[in-house]
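I have placed the structure first, in the form of structure tokens, so that the comments after it can refer back to it.
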Amino acid sequence: FAGLAQAATEAGARVFGPVAQGPFLERLGAHERARALIANATPEVAAEIQNGLHRLVDAQAMGALFKAVAVVAPGAAPPPGFE
């Protein structure tokens, strides 16, 4: 991401991140969305949703392994998840 950020900044863009995937998805409302899906799900599907959420956001799983970066126009506000 460092090279991408440098090139984007030199081209006049604004760069946010990198941010670990877990906190990024949490800021976007991953837990709230999972709760909404679970509310109308069968127990089996609810367990799948909970396991998937855990895999995506937990620091011991993918939550710290993957990162997100945003490149936006100069002067643009931070995009959702990068506030």
Side-chain angles (χ1 to χ4, degrees):
F1 286 120
L4 173 65
Q6 180 179 350
T9 301
E10 289 173 1
R14 191 168 180 199
V15 178
F16 294 93
V19 175
Q21 175 176 290
F24 176 71
L25 293 175
E26 288 170 348
R27 291 178 195 152
L28 291 177
H31 289 284
E32 293 81 3
R33 179 64 179 148
R35 276 194 292 275
L37 292 171
I38 288 170
N40 297 312
T42 65
E44 295 81 17
V45 172
E48 288 180 24
I49 294 167
Q50 191 60 43
N51 289 337
L53 176 66
H54 175 79
R55 185 172 52 255
L56 289 171
V57 301
D58 189 84
Q60 301 303 315
M62 295 168 60
L65 181 62
F66 295 99
K67 311 277 188 265
V69 68
V71 179
V72 299
F82 292 93
E83 301 90 355

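One is the number of the first residue; the rest follow in order along the sequence. This is a predicted model, so every value here is computed, not measured.
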Side-chain donor/acceptor pairs under 3.5 Å, residues 17-34, sequence neighbours excluded:
residue: Gln21; atom: NE2; partner: Leu56; partner atom: O; Å: 2.9
residue: Glu26; atom: OE2; partner: His31; partner atom: NE2; Å: 3.3
residue: Arg27; atom: NH1; partner: Gly81; partner atom: O; Å: 3.0

> Would you say Asn51's side chain and Ala47's backbone share a donor-acceptor pair under 3.5 angstrom?
Replying inline: yes
> Going only through I, L, V, M, F, W and Y residues with side-chain contacts under 4.5 Å, is there a path from Val57 to Phe66?
Replying inline: yes
> Of all heavy-atom pairs between Ala68 and Phe82, which one has the smallest distance, and what is that distance?
Replying inline: O-CE2, 3.6 Å
> Which heavy atom of Val72 sits nearest a heavy atom of Pro79, and at what distance?
Replying inline: CG1-CG, 3.9 Å
> Looking only at heavy atoms, which two atoms of Ala64 and Ala59 are closest? And how far apart?
Replying inline: CB-O, 3.5 Å
> Roughly how far, to the nearest 0.5 Å, is CG of Leu53 from CD of Glu48?
Replying inline: 13.5 Å
Could you list the donor-acceptor pairs under 3.5 angstrom formed by side chains in residues 3-14, with sequence neighbours left out?
residue: Gln6; atom: NE2; partner: Glu10; partner atom: OE2; Å: 2.9
residue: Thr9; atom: OG1; partner: Ala5; partner atom: O; Å: 2.8
residue: Arg14; atom: NH1; partner: Ala76; partner atom: O; Å: 2.5

>> To the closest 0.5 Å, what do you measure between CD (Glu44) and OG1 (Thr42)?
In response: 4.5 Å
> Roughly how far, to the nearest 0.5 Å, is the CD atom of Gln50 from the CZ atom of Arg35?
Replying inline: 9.5 Å
